[in-house]
Number of protein chains: 2
Amino acid sequence: MRQWITAFVCVSALGTFAYYATRNAEDPATSSTLLLSNVAEIRHDHSPRNLRDALGEFTNIIGKEHVSTSDKDIENHATSSWSSHPAKSTERSFCVLWPGSTDEVSQIMKVCHKRHIPVIGYSGGTSLEGHFTPTRHGVSIDFGRMNKILSFHKEDLDVVVQPAIAWEALNDHLDQEGLFFPPDPGPGAMIGGMVGTGCSGTNAYRYGTIREWVLSLTVVLADGTVIKTRQRPRKSSAGYDLTKLFIGSEGTLGLVTEATLKITTKPESTSVAVAAFPSIRNAADCVAKVVGKGVPVAAVELLDDNQIKCINEAGLTSRAWPETATIFFKFAGTKAGVKEQIAQVQALAQGAYSTSFEFAKNQEEQDELWSARKEALWSVLAVKKPDDRVWTGDVAVPMSRLPDLIEATKEDLAKSGLFASIVGHVGDGNFHAMILYNDQQRTRAEAVVHRMVKRAIDMEGTVSGEHGVGLVKRDYLSHELGQTTVDAMRQIKRAFDPLCLLNCDKVVRMQDTGERSTQKW
Amino acid sequence: MRQWITAFVCVSALGTFAYYATRNAEDPATSSTLLLSNVAEIRHDHSPRNLRDALGEFTNIIGKEHVSTSDKDIENHATSSWSSHPAKSTERSFCVLWPGSTDEVSQIMKVCHKRHIPVIGYSGGTSLEGHFTPTRHGVSIDFGRMNKILSFHKEDLDVVVQPAIAWEALNDHLDQEGLFFPPDPGPGAMIGGMVGTGCSGTNAYRYGTIREWVLSLTVVLADGTVIKTRQRPRKSSAGYDLTKLFIGSEGTLGLVTEATLKITTKPESTSVAVAAFPSIRNAADCVAKVVGKGVPVAAVELLDDNQIKCINEAGLTSRAWPETATIFFKFAGTKAGVKEQIAQVQALAQGAYSTSFEFAKNQEEQDELWSARKEALWSVLAVKKPDDRVWTGDVAVPMSRLPDLIEATKEDLAKSGLFASIVGHVGDGNFHAMILYNDQQRTRAEAVVHRMVKRAIDMEGTVSGEHGVGLVKRDYLSHELGQTTVDAMRQIKRAFDPLCLLNCDKVVRMQDTGERSTQKW
């Protein structure tokens with residue numbers, strides 16, 4: 001700052017040319033990016049008096065019935081049994097708030113801004129990488145009361161919702177109208193968190209990720225300012241695409257209080273087919289052929305032999321499956337279109353040495369076939385030992401690298417001695433490894449996840465296709481994207497949230513604590 | 001700035017609580033948005049000595065054969081006959097540069113950053129709203145030499161290109177492989193400018209806009225820093241979506257020097273159908289039905305009676321068309337799928353009182369039917385008087401409002417006494433009005449465009465569906481989005497470009513000049 005002021009004085013005193021001499025590319029006042037070493041010290045105020053006074057103000061805004069300091073509520077908003085971030089017992093908020101409107105959220109943020117109190121948003125709590133763990137303490141804002149459909153425009157194929165509506169609940173409403181909202185992440189996920197992580201799911205291959213299904217967001221910024229990113233037209237080229245900037249920002253740039261979502265008509269006809277393969281490489285080859293031919297299937301999901309074993313063992317489906325690499329296809333379109341697609345895919349599967357190919361002739365058979373894909377995560381949870389935890393990590397690579405990545409990762413997982421299965425949205429080059437580990441095996445699990453991430457980056461891939469980076473993968477970003485790109489992200493974080501109040505520590509570091517969350521590269 | 005410093009001194013002297021008292025929501029140092037009144041004075045340096053020295057440095061970087069100060073080159077990079085911004089004769093760069101690589105662009109930006117010289121990027125020059133007019137003088141960077149396909153990954157369905165490749169040239173290459181890149185804006189448009197405006201075209205209804213087809217961008221920032229927004233996987237949730245932030249930023253946040261684009265397989269089968277309607281409302285009703293039923297047509301283009309008149313008069317197609325509101329449909333998919341879609345659309349058109357419905361039985365008939373849509377703009381140019389100009393403005397609204405908007409706009413255009421036609425990407429709620437006017441009629445044309453924009457905003461629409469805002473529509477943004485949203489955009493602009501070097505004045509104002517480009521609201 002001082003350097004900037006000195007430079008400015010020079011302008012007046014010596015004229016413009018002397019001024020240049022004092023500049024350099026790393027002058028923070030004129031730089032386009034922000035180095036970690038140039039971030040001003042974060043000054044949150046956790047003094048008892050400040051927190052007590054804040055609590056009084058929160059109570060005035062939303063009523064005491066919507067403010068909690070109970071241990072149970074605080075605990076429930078700190079971490080989850082499925083999070084891969086081992087939250088410390090000190091990583092807790094001092095209170096949980098349940099606001100009822102955008103205006104109340106704005107008022108809360110104004111208090112927190114004035115008092116330098118950090119804030120974390122919370123909706124479904126299904127995230128995996130430590131997104132909502134309050135490493136900076138402060139306040140958790142639970143959007144639970146803001147769970148309504150505010151308006152439904154059937155002719156325009158859009159719907160305006162609050163952040164705490166679950167995607168399944170939204171689709172229950174839309175189903176009656178013959179419509180649906182395609183993004184389908186894990187069960188229980190809610191729109192607020194789905195926007196935050198930039199989620200997708202099995203439908204992404206055909207319909208795209210949530211990025212393609214949000215028209216507009218109402219967002220409360222760090223200082224309480226409310227913005228609405230767009231009106232409701234299907235497309236717009238008016239100004240910067242703030243909508244997309246907030247999608248995937250993991251609550252670090254603003255709190256989403258309303259979302260206008262695109263919706264679409266349910267396909268006239270759907271079906272499911274299941275193809276088994278002698279090896280995971282044969283299965284991956286089949287996927288590459290289906291994608292390369294441009295067959296417009298609705299979903300292509302790969303489950304490895306271990307995953308099928310879990311499903312059989314858990315007994316959550318009505319039948320047993322051959323324990324080998326298996327692809328689950330979903331088809332959607334007109335009746336003739338679906339029939340045609342099934343025939344195309346069957347031929348391609350045979351060309352990739354499929355050992356079986358079964359497709360559903362009616363809705364009941366569809367449900368039966370798809371049930372195995374649907375129960376994948378639950379089946380792993382069902383077979384785990386009582387003190388095991390599940391680490392669900394995802395990576396994505398360009399399609400052509402997927403067979404190599406999956407093969408190498410399976411081999412490495414086997415070598416680690418940990419039980420692990422692979423489930424993949426393989427049409428997008430994206431897969432999940434679900435690894436079981438207990439406290440003694442944590443370091444081994446960390447190492448194998450680390451190698452998987454490194455392998456994906458080395459293959460021009462990404463550390464996360466759909467889960468986001470949170471705390472666990474944050475320090476990989478510079479390896480994936482380069483340091484200047486991370487510094488550009490940090491510049492945006494500071495621009496919108498100079499006091500680092502919103503989910504501070506996530507996505508990009510704003511303070512150099514000396515510790516690193518990742519292993520040696 | 002002084003206020004910030006005072007506040008900071010208070011912290012040390014009086015402790016944290018005294019500090020709060022000096023704060024307010026509009027303290028620029030902690031605010032999430034940037035008011036126009038809080039932007040620091042822009043200090044570009046146009047002194048002859050500075051420009052002469054800069055020219056020497058540019059010549060060292062790219063060689064004298066790629067630096068021009070000729071009047072003709074400067075003129076060619078200032079405006080175009082199709083731009084709706086009436087560029088003043090003083091709005092000129094002092095030189096045009098043709099760099100050959102990302103590194104050269106970075107070196108040029110470092111010179112301009114050091115010397116406070118403003119910069120505008122230029123590729124196809126087809127933009128309409130004054131995007132590349134050098135209102136701040138400085139340097140035009142023409143990417144003309146950077147027009148190559150750098151790598152082609154057939155199996156991954158992506159291609160890495162430089163900014164000055166035209167989309168038609170790219171598709172000529174891809175065609176040999178049975179692939180294509182869907183965004184299809186005006187002929188001559190190049191990837192750099194297409195990314196800059198967030199373009200779309202007739203294929204957007206089925207395939208989405210360019211936002212959905214860019215995987216990654218290499219960008220030179222205002223201080224010369226080079227960033228790459230992503231690697232090549234089809235999807236990623238790793239960090240802020242910088243790719244999307246640069247798309248549609250009209251060269252104000254960075255200069256795109258490389259783009260990794262998704263591509264897709266060409267459909268097995270395509271066709272075209274043309275349906276005529278007694279009124280534009282009947283035509284619009286038909287579109288609403290096709291969209292509402294979710295028929296996966298590839299394009300839905302509406303041409304009004306005036307547009308058909310121009311086509312007939314210009315004689316650019318091999319036949320004459322009934323001079324009434326007409327919809328051009330494109331179909332794509334499997335053979336059976338296309339046949340099925342044509343039947344569905346024919347039935348829906350009849351239900352909307354179509355007076356004729358014709359579909360192509362072979363490629364030759366397809367080309368003949370589509371030729372009318374393709375020649376729309378050229379036919380208007382062919383019938384205009386020598387001193388007429390064409391004002392091509394676009395707006396978009398939610399689908400259900402489109403019939404009202406088109407009807408009211410047609411009526412208003414007729415009343416204005418100016419000749420105008422309407423061509424619409426109506427499946428997206430988006431249309432263009434092409435208005436002929438001469439110098440004496442400029443004010444009348446401005447007024448009718450102003451009313452069209454206001455009408456669209458009042459119907460929850462946008463001032464531009466695909467052309468961007470440039471200079472001409474910039475001051476409408478606060479009406480469409482609200483002042484706080486524009487202030488959030490301004491915050492981003494300052495964060496990436498504190499000296500306002502990159503296409504300064506476009507998208508968001510960074511200086512209050514007192515004048516307004518829009519009429520009274």
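Lettering of chains follows the sequences in order, A, B, ..., and the numbering in each one begins at 1. The structure displayed is predicted, hence computed values, not measured ones.
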By a 4.5 Å heavy-atom criterion (distance strictly below it), what part of [X] contacts chain A: side chain, backbone, both, or neither?
X: B:Leu242; result: side chain
X: B:Ser236; result: both
X: B:Ala204; result: side chain
X: B:Ala288; result: neither
X: B:Thr462; result: both
X: B:Leu221; result: both
X: B:Val395; result: neither
X: B:Val507; result: side chain

Working note: A:Phe496 + B:Tyr240, criterion ring-ring contact (aromatic ring centres under 6.0 Å, His included); need CA distance, chi angles, decisive distance, verdict.
CA-CA 13 Å; A:Phe496 275 175; B:Tyr240 303 150; 9.0 Å; no

With a 4.5 Å cut-off on heavy-atom pairs, point out which of [options] contacts chain A the most.
options: B:Gly239, B:Ser249, B:Gly178, B:Cys199; answer: B:Gly239
options: B:Asp158, B:Thr252, B:Thr334, B:Val508; answer: B:Thr334
options: B:Gly198, B:Ser216, B:Gly224, B:Ala495; answer: B:Ala495
options: B:Thr485, B:Thr209, B:Leu34; answer: B:Thr485
options: B:Pro296, B:Gly429, B:Gly468, B:Gly248; answer: B:Gly468
options: B:Lys228, B:His467, B:His153, B:Glu250; answer: B:Lys228

So CG of B:Leu501 and CG of B:Asp497: to nearest 0.5 Å the spacing works out to 5.0 Å

For the candidates [options], which exhibits the highest count of non-hydrogen atom pairs separated by less than 4.5 Å from chain B?
options: A:Glu212, A:Glu480, A:Glu155, A:Lys506; value: A:Glu480
options: A:Lys244, A:Lys335, A:Gln341; value: A:Lys244
options: A:Arg230, A:Gln231, A:Met399; value: A:Gln231
options: A:Gly337, A:Ser200, A:Gly482; value: A:Ser200
options: A:Pro398, A:Gly427, A:Gly461; value: A:Pro398
options: A:Val219, A:Thr33, A:Leu215, A:Asp241; value: A:Asp241

Which of B:Arg494, B:Met489, B:Lys493 passes side-chain contact (heavy atoms from CB on, under 4.5 Å) with B:Gln491? It is B:Arg494

Checklist entry - Taking atom types as modelled, is there a side-chain donor on B:His113 or B:Asp223 under 3.5 Å from an acceptor on the other? => result no

Heavy-atom cut-off 4.5 Å, strictly under: side chain, backbone, both or neither for [X] against chain B?
X: A:Leu477; value: side chain
X: A:Glu340; value: side chain
X: A:Leu402; value: neither

Sorted by chain and number, sequence neighbours left out, side-chain contact (heavy atoms from CB on, under 4.5 Å) with A:Glu177 holds for A:Phe152, A:Lys154, A:Leu179

Is there a side-chain contact between B:Thr197 and A:Ser237, using heavy atoms and a 4.5 Å cut-off? no

Quick check against the 3.5 Å criterion: does [X] have a side-chain atom that pairs as donor or acceptor with the backbone of [Y]?
X: B:Thr484; Y: A:Val226; answer: yes
X: A:Ser464; Y: A:Val469; answer: no
X: A:Asn430; Y: A:His425; answer: no
X: B:Asp45; Y: B:Arg115; answer: no
X: A:His44; Y: A:Cys500; answer: yes

inquiry  = So for atom CD, which belongs to B:Gln483, do other residues, nucleotides or ligands contribute more than 12 heavy atoms lying within a distance under 6.0 Å?
reply    = yes

Just checking A:Lys293: does its NZ atom have more than 12 heavy atoms from other residues, nucleotides or ligands closer to it than 6.0 angstrom?
no

Which of A:Arg232, A:Lys262, A:Arg234 passes salt bridge (Lys or Arg N to Asp or Glu O under 4.0 Å) with A:Asp156? Answer is A:Arg232

